[in-house]
S.K.: 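Structure provided below as structure tokens; questions to follow.
Position 1 is the first residue of the sequence, and the numbers go up from there. Side chains are part of it too, since the values below use all heavy atoms of this structure and drop only hydrogens, waters and symmetry mates.
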Amino acid sequence: MKRLFLLPLLALLTAIGVKAQSDDLSQPLVYGVAFYNLENLFDTINANGKYDLEYSPKGAKAWDSEKYWSKINNLAYCISRMTTRNTPEGPAVIGIAEVENKGVLEDLVNAPDLKAWNLGIVHHDSPDRRGVDVSLLYNPRLFTVVDVTNHTLVVPDNPDFRTRDQMCVTGLLGGDTLSIIVNHWPSRLGGQERSSYLREAAAELSKHIADSLWAIRPNQGVIVMGDLNDDPQDKSCAVALGAKREMKDVGPHGFFNPWWSVLDGGKGTLAYKGAWNLFDQIIVSGTLLRQNHAPLEYTSCKINDFDFLYDTEGYRKGYPRRTFASGSWLNGYSDHFPTMIFLHKAKK
């Protein structure tokens, strides 16, 4: 594992932070931070052999330009709706999962519904055998990228295992340093219990990255986000990462998971056999909580389950309207709903 920061980087962060703080009056007081699993956003070119054939014109899904651009425009429209009265420019950052390459993200941010936002892209090719990666989109007017590191999950008892790298993007939000660890943890292939050790290992890696960040900047905020393939109460989130249900139980270098109560209320981000799961989580560190005197303070969370994202008929009625189901093209969006949290910049 390479070192996350060097002393010159620390000096750079401090220098840029002072400059950004002087411009605070022109910045909003509320920032949105979002995550969205885009469900197999592949281009139409088979560049990965048998793993990529399915999403090509000659593959089982007959993935052609018409379907590709329809999906791009659908996703762009969905993201463009992620605005609120307090965040009229949309989220400051959007973590992304299940994208094939940087090119599909360039097409996405240049789609008509998003082009005016002028979103920046952070992307890295992962060793995942299917060729899907995590990435980060950001609004350069709100978030300044300072450093990016990528971290490969190594499982000693399973040396041939490959999954998505964890991407840690550190930058300045409202003049304060914030690190966002974007994840797509291993799937439940083979069953939830049998595969749990892989997600627990992924959670431990996220915790290690956070601890390494705090070793350099103890007071900075850290967000762990992604499609975790587990719910808040599962062992990976609740034990390995240590994300607590109650805010009062979280120390500065612990984690608070606001999605427990959302799932308890019957809402989720994906559905399977009539039951909801909430895999798409955005988990905040104690250094982003009011009780720890955070300059950037977590305030609330929401699922962006817009009406147009739901299936309206058939056995999937009420589920997220995905791109394909039972081999048929639905011209949908994703099998996951996007999620968002809000951070408030404390006045000085």
S.K.: Tell me whether Lys235 at atom NZ has more than 12 heavy atoms from other residues, nucleotides or ligands lying less than 6.0 Å away.
M.R.: no
S.K.: State yes or no: do Tyr138 and Ile79 share one hydrophobic cluster built from I, L, V, M, F, W and Y residues joined by side-chain heavy-atom distances below 4.5 Å, directly or via other members?
M.R.: yes
S.K.: Which pair of heavy atoms, one from Val104 and one from Leu41, lies closest together, and at what distance?
M.R.: CG2-O, 3.8 Å
S.K.: Taking the side chain from Ser195 and the backbone from Gly191, do they hold a donor-acceptor pair closer than 3.5 Å?
M.R.: yes
S.K.: Between Tyr333 and Phe308, is the gap from one ring center to the other below 6.0 Å?
M.R.: yes
S.K.: Do Lys244 and Asp249 meet the salt-bridge criterion of a basic N to acidic O distance under 4.0 Å?
M.R.: no
S.K.: Under 3.5 Å, is there a donor on one side chain and an acceptor on the other for Asp231 and Asn277?
M.R.: yes
S.K.: Is it true that Asp128 and Arg164 make a salt bridge, defined as a side-chain N closer than 4.0 Å to a carboxylate O?
M.R.: yes
S.K.: Nearest 0.5 Å, what's the OG-CG distance between Ser236 and Asp230?
M.R.: 3.5 Å
S.K.: Would you say Trp276's side chain and Leu270's backbone share a donor-acceptor pair under 3.5 angstrom?
M.R.: no
S.K.: Does a donor on one side chain sit under 3.5 Å from an acceptor on the other, for Asp280 and His336?
M.R.: yes
S.K.: Over 60° means perpendicular and under 30° means parallel, so classify the ring planes of Phe42 and Tyr55, tilted if in between.
M.R.: parallel
S.K.: Between Thr287 and Asn292, do the side chains contain a donor N or O and an acceptor N or O under 3.5 Å apart?
M.R.: no
S.K.: Answer with yes or no whether the side chains of Ser196 and Gln192 bring together a donor and an acceptor at under 3.5 Å.
M.R.: no
S.K.: Quick check: are there more than 12 heavy atoms from other residues, nucleotides or ligands sitting under 6.0 Å from NZ of Lys61?
M.R.: yes
S.K.: Can you tell me how far apart CD1 (Ile283) and CG (Leu228) are? Round to the nearest 0.5 Å.
M.R.: 5.5 Å
S.K.: Could you report the tightest heavy-atom contact between Met82 and Ala34, atom names first, then the distance?
M.R.: SD-CB, 4.2 Å
S.K.: Decide ring pair (Phe, Tyr, Trp, His ring centres under 6.0 Å) for Phe342 and Tyr31; before the verdict, give the C-alpha distance in whole Å, the side-chain angles of both, and the deciding distance to 0.1 Å.
M.R.: CA-CA 6 Å; Phe342 298 93; Tyr31 300 91; over 10 Å; no
S.K.: Do Ile223 and Trp260 sit in one hydrophobic cluster, given that two such residues count as connected whenever their side-chain heavy atoms are within less than 4.5 Å of each other, even indirectly?
M.R.: no
S.K.: Restricting to non-hydrogen atoms, name the atom on Ser206 and the atom on Ile181 that form the minimum distance, rounded to 0.1 Å.
M.R.: O-CD1, 3.7 Å
S.K.: Is it the case that the ring center of Tyr36 lies less than 6.0 angstrom away from the ring center of Phe337?
M.R.: no
S.K.: Look at atom CZ of Arg290 and say whether more than 12 heavy atoms of other residues, nucleotides or ligands are closer to it than 6.0 Å.
M.R.: no
S.K.: Under 3.5 Å, is there a donor-acceptor pair between the Asn229 and Ser187 side chains?
M.R.: no
S.K.: Check this for me, if you would: do Asp176 and Arg217 make a salt bridge, where the nitrogen-to-carboxylate-oxygen distance has to be below 4.0 angstrom?
M.R.: no
S.K.: Salt bridge or not for Asp52 and Arg130, using N-O below 4.0 Å?
M.R.: no
S.K.: Compare every heavy atom of Ala202 with every heavy atom of Gln166, then report the nearest pair and how far apart it is.
M.R.: NE2-O, 3.0 Å
S.K.: For residues Tyr319 and Asp335, is any side-chain donor paired with an opposing acceptor at under 3.5 Å?
M.R.: no
S.K.: Please report the closest heavy-atom contact between Ile72 and Ala111, naming both atoms and the distance.
M.R.: CG2-CB, 4.1 Å
S.K.: State, to 0.1 Å, how close Tyr310 and Asp305 come at their nearest heavy-atom pair, and which atoms those are.
M.R.: OH-OD2, 3.0 Å
S.K.: Are Thr149 and His151 close enough that a side-chain donor and a side-chain acceptor fall under 3.5 Å?
M.R.: yes
S.K.: Examine the side chains of Asn257 and Gln281 and answer whether a donor and an acceptor come within less than 3.5 Å of each other.
M.R.: yes
S.K.: Does Ala76 offer a backbone N or O that forms a donor-acceptor pair with the side chain of Asn73 under 3.5 Å?
M.R.: no
S.K.: Crowded around Phe306 CZ? As in, over 12 foreign heavy atoms under 6.0 Å?
M.R.: yes
S.K.: Is it the case that the side chains of Tyr197 and Asn158 hold a donor-acceptor pair, with the cut-off being a distance below 3.5 Å and no angle test?
M.R.: yes
S.K.: I'd like to know if the side chain of Thr84 reaches the main chain of Thr87, judged simply by a donor and an acceptor atom lying under 3.5 Å from each other, with no hydrogens or angles considered.
M.R.: yes
S.K.: Kindly indicate, with the supporting measurements, whether the criterion side-chain contact (heavy atoms from CB on, under 4.5 Å) is fulfilled by Thr163 and Phe161.
M.R.: CA-CA 7 Å; Thr163 191; Phe161 179 72; 3.6 Å; yes
S.K.: To the nearest 0.5 Å, tell me how far Leu330 CG sits from Arg316 CZ.
M.R.: 7.5 Å
S.K.: Ring-plane angle category for Trp214 and His253, please: parallel below 30°, perpendicular beyond 60°, tilted otherwise.
M.R.: parallel
S.K.: Using a 3.5 Å distance criterion without hydrogens, assess whether the side chain of Thr83 forms a donor-acceptor pair with backbone atoms of Pro88.
M.R.: no
S.K.: Determine whether the side chains of His123 and Asn101 contain a donor N or O and an acceptor N or O closer than 3.5 Å.
M.R.: no
S.K.: Could you tell me whether a side-chain N or O of Lys58 sits under 3.5 Å from a main-chain N or O of Trp63, the two making a donor and an acceptor?
M.R.: no
S.K.: Judged by atom type as modelled, is there a donor-acceptor pair below 3.5 Å linking the side chain of Lys345 to the main-chain atoms of Gly174?
M.R.: yes
S.K.: Any side-chain donor-acceptor pair under 3.5 Å between Asn40 and Glu54?
M.R.: no
S.K.: Going by atom types only, do Asn183 and Asp227 share a side-chain donor-acceptor pair under 3.5 Å?
M.R.: no
S.K.: Have Thr323 and Glu39 got a donor and an acceptor in their side chains that come within less than 3.5 Å?
M.R.: yes
